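Note that the coordinates shown come from a computational prediction; the quantities given were computed from them, not determined experimentally.
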Amino acid sequence: MSLNKTMELSDKASIDTFIKINSDKKVIVIQGLGFVGAVMSLVCANALTEEYAVIGIDLPTPTSLEKINAINSGFFPIISSDKKIDEYFKSAQKKGNLLATFDEYAYSKADYIIVDINLDVKKESAFNGDLNGYGVELNSFRKAMETIGKNCKEDVLILVETTVPPGTCEQVVKPTIISELKKRGLPVSNFKLGHSYERVMPGPDYIDSIQNFYRVYSGVNDKSADEIELF
Ligand SMILES: NC(=O)c1ccc[n+]([C@@H]2O[C@H](COP(=O)([O-])OP(=O)(O)OC[C@H]3O[C@@H](n4cnc5c(N)ncnc54)[C@H](O)[C@@H]3O)[C@@H](O)[C@H]2O)c1
């Protein structure tokens with residue numbers, strides 16, 4: 001991705017080329033290339049049971065563009081004591097099944113979307129430091145879900161891994177996706193949606209803590225739960 005492309009805010013050509021090269025694979029798009037999402041993208045690109053084409057997407061901010069450029073230039077942006085990170089990154093580069101981008105166009109290619117963005121809790125502290133209360137600011141999370149709904153396939157599977165308050169999939173994600181699909185004149189009963197909170201444990205077994213560990217999951221309906229279990 002060149003600087004010019006970044007300034008144009010389009011990475012469509014790279015995404016199309018990547019999809020063409022990986023045309024025999026299902027596509028996973030991972031939203032958020034932070035501490036969790038970046039490593040999740042390696043786990044998906046080295047999945048044990050199936051070969052996937054994996055696109056990690058982050059925002060076009062200076063910090064995130066640095067991460068995106070690093071991944072596409074062969075430098076993994078997360079420092080870890082887990083040797084498997086380097087091994088998995090090299091393997092994905094060799095296979096050519098991992099791309100990083102800032103372009104929302106990527107969502108239109110996804111069979112699966114994994115949400116690994118931040119949702120921050122704001123503490124309200126008293127003058128003496130005691131906790132008065134806390135709040136969750138949902139606006140940017142809601143906006144991220146709108147972006148998915150504006151671009152995704154009507155039968156996509158969306159798996160939220162971000163730590164969210166109970167009820168968020170049902171009361172925020174689902175209506176947002178339905179509303180955006182309706183605006184595009186698409187059916188609203190075919191997408192699958194669920195939650196599986198991320199349990200990563202950074203350290204020497206970082207990859208294993210994602211790949212070889214029990215997971216809890218749920219779906220907004222039976223079809224979603226079944227497909228999420230399989231995935
Ligand atoms: N870090 C951990 O050890 C850990 C462990 C378990 C669970 N979690 C949960 O995983 C989630 C992610 O954590 P993290 O540590 O990776 O956070 P992080 O802040 O390191 O990364 C989040 C990334 O998401 C990106 N992002 C935000 N909005 C976006 C959007 N609309 N589109 C694309 N990218 C967007 C940000 O730019 C950032 O790069 C959080 O909900 C956290 O609670 C984290």
Side-chain angles (χ1 to χ4, degrees), residues 9-20 22-34 36-38 40-41 44-45 47 50 52-60 64 68 97-119 138-162 164 168-198 217-231:
L9 292 184
S10 170
D11 203 17
K12 193 169 178 287
S14 317
I15 294 168
D16 284 339
T17 306
F18 176 77
I19 294 296
K20 207 170 166 188
N22 289 283
S23 59
D24 55 332
K25 303 179 185 85
K26 289 256 172 75
V27 178
I28 303 177
V29 169
I30 295 172
Q31 187 184 49
L33 285 171
V36 171
M40 178 56 79
S41 70
C44 292
E50 189 166 341
Y52 294 105
V54 180
I55 305 179
I57 179 165
D58 210 298
L59 298 170
S64 296
I68 291 163
N97 70 336
L98 175 63
L99 179 78
T101 188
F102 55 86
D103 194 334
E104 294 164 3
Y105 173 66
Y107 295 114
S108 68
K109 303 291 174 193
D111 299 293
Y112 307 95
I113 295 173
I114 300 180
V115 177
D116 277 331
I117 61 174
N118 49 302
L119 178 69
L138 273 169
N139 283 344
S140 46
F141 182 82
R142 204 186 297 271
K143 233 176 143 198
M145 298 307 105
E146 277 171 14
T147 309
I148 292 177
K150 281 183 201 315
N151 294 283
C152 67
K153 293 181 187 172
E154 50 99 9
D155 61 347
V156 68
L157 182 153
I158 302 166
L159 177 57
V160 178
E161 289 192 333
T162 296
V164 288
T168 303
C169 281
E170 194 65 55
Q171 290 164 37
V172 178
V173 185
K174 187 177 166 188
T176 305
I177 301 294
I178 288 178
S179 156
E180 294 302 330
L181 287 175
K182 273 189 184 161
K183 283 184 203 164
R184 293 161 61 203
L186 294 171
V188 298
S189 56
N190 296 331
F191 74 93
K192 282 82 62 179
L193 169 66
H195 186 248
S196 177
Y197 61 85
E198 192 41 70
Y217 69 91
S218 64
V220 293
N221 50 36
D222 288 345
K223 190 169 144 201
S224 296
D226 288 348
E227 291 209 19
I228 283 166
E229 182 181 16
L230 203 65
F231 180 53

Is the number of heavy atoms from other residues, nucleotides or ligands within 6.0 Å of CG (D24) greater than 12?
yes
T162: what forms a side-chain contact (heavy atoms from CB on, under 4.5 Å) with it, not counting sequence neighbours?
V115, I117, L119, F141, V160, V164
Electrostatic pair K143:E146 at N-O distance under 4.0 angstrom
no
Over all heavy atoms of both residues, which pair between L193 and F191 is shortest? Give the atoms and the distance, please.
CB-CE1, 3.9 Å
For the backbone of A144 and the side chain of Q31, can you confirm whether one donor and one acceptor N or O come within less than 3.5 Å of each other?
yes
Criterion side-chain contact (heavy atoms from CB on, under 4.5 Å) on E161 and Y197, from CA distance to verdict
CA-CA 5 Å; E161 289 192 333; Y197 61 85; over 6 Å; no
Tell me, with the steps shown, if I228 and K192 meet side-chain contact (heavy atoms from CB on, under 4.5 Å).
CA-CA 8 Å; I228 283 166; K192 282 82 62 179; 5.7 Å; no
Please identify each residue that fulfils side-chain contact (heavy atoms from CB on, under 4.5 Å) with T147, with sequence neighbours left out.
E104, Y107, N151
Identify the two heavy atoms, one from D11 and one from A100, that lie closest to each other, and give their separation to 0.1 Å.
OD2-O, 4.0 Å
All heavy atoms of G37 vs all of I30, minimum pair found to be O-CG2, 3.8 Å
As an exercise, state the distance from CD1 of I148 to CD1 of I113, rounded to the nearest 0.5 Å.
5.0 Å
Under a 3.5 Å distance rule, please check whether D58 uses its side chain to pair with a backbone N or O of L33 as donor and acceptor.
yes
Nearest non-hydrogen partners of G149 and I177, listed with the distance:
N-CD1, 3.8 Å
Please enumerate all residues that pass side-chain contact (heavy atoms from CB on, under 4.5 Å) together with N190, with sequence neighbours excluded.
E154, D155, P187, K223
Short N-O contact, D16 and K20, less than 4.0 angstrom:
no
Can you give me the closest heavy-atom contact between H195 and C169, atom names plus distance?
CB-SG, 3.9 Å
F102 and S10: which non-hydrogen atoms are nearest, and at how many Å?
CE1-N, 3.7 Å
Could you check whether D103 pairs with K12 (Lys NZ or Arg NE/NH1/NH2 to Asp/Glu carboxylate O, under 4.0 Å)?
no
Let me see the working for K109 and I15 under side-chain contact (heavy atoms from CB on, under 4.5 Å), right down to the final yes or no.
CA-CA 9 Å; K109 303 291 174 193; I15 294 168; 4.1 Å; yes
Report yes or no: is the cationic atom of K26 (NZ for Lys, CZ for Arg) under 6.0 Å from the centre of the six-membered ring of Y52, at an angle within 45° of the ring normal?
no
Do the side chain of R184 and the main chain of C152 share a donor and acceptor less than 3.5 angstrom apart?
yes
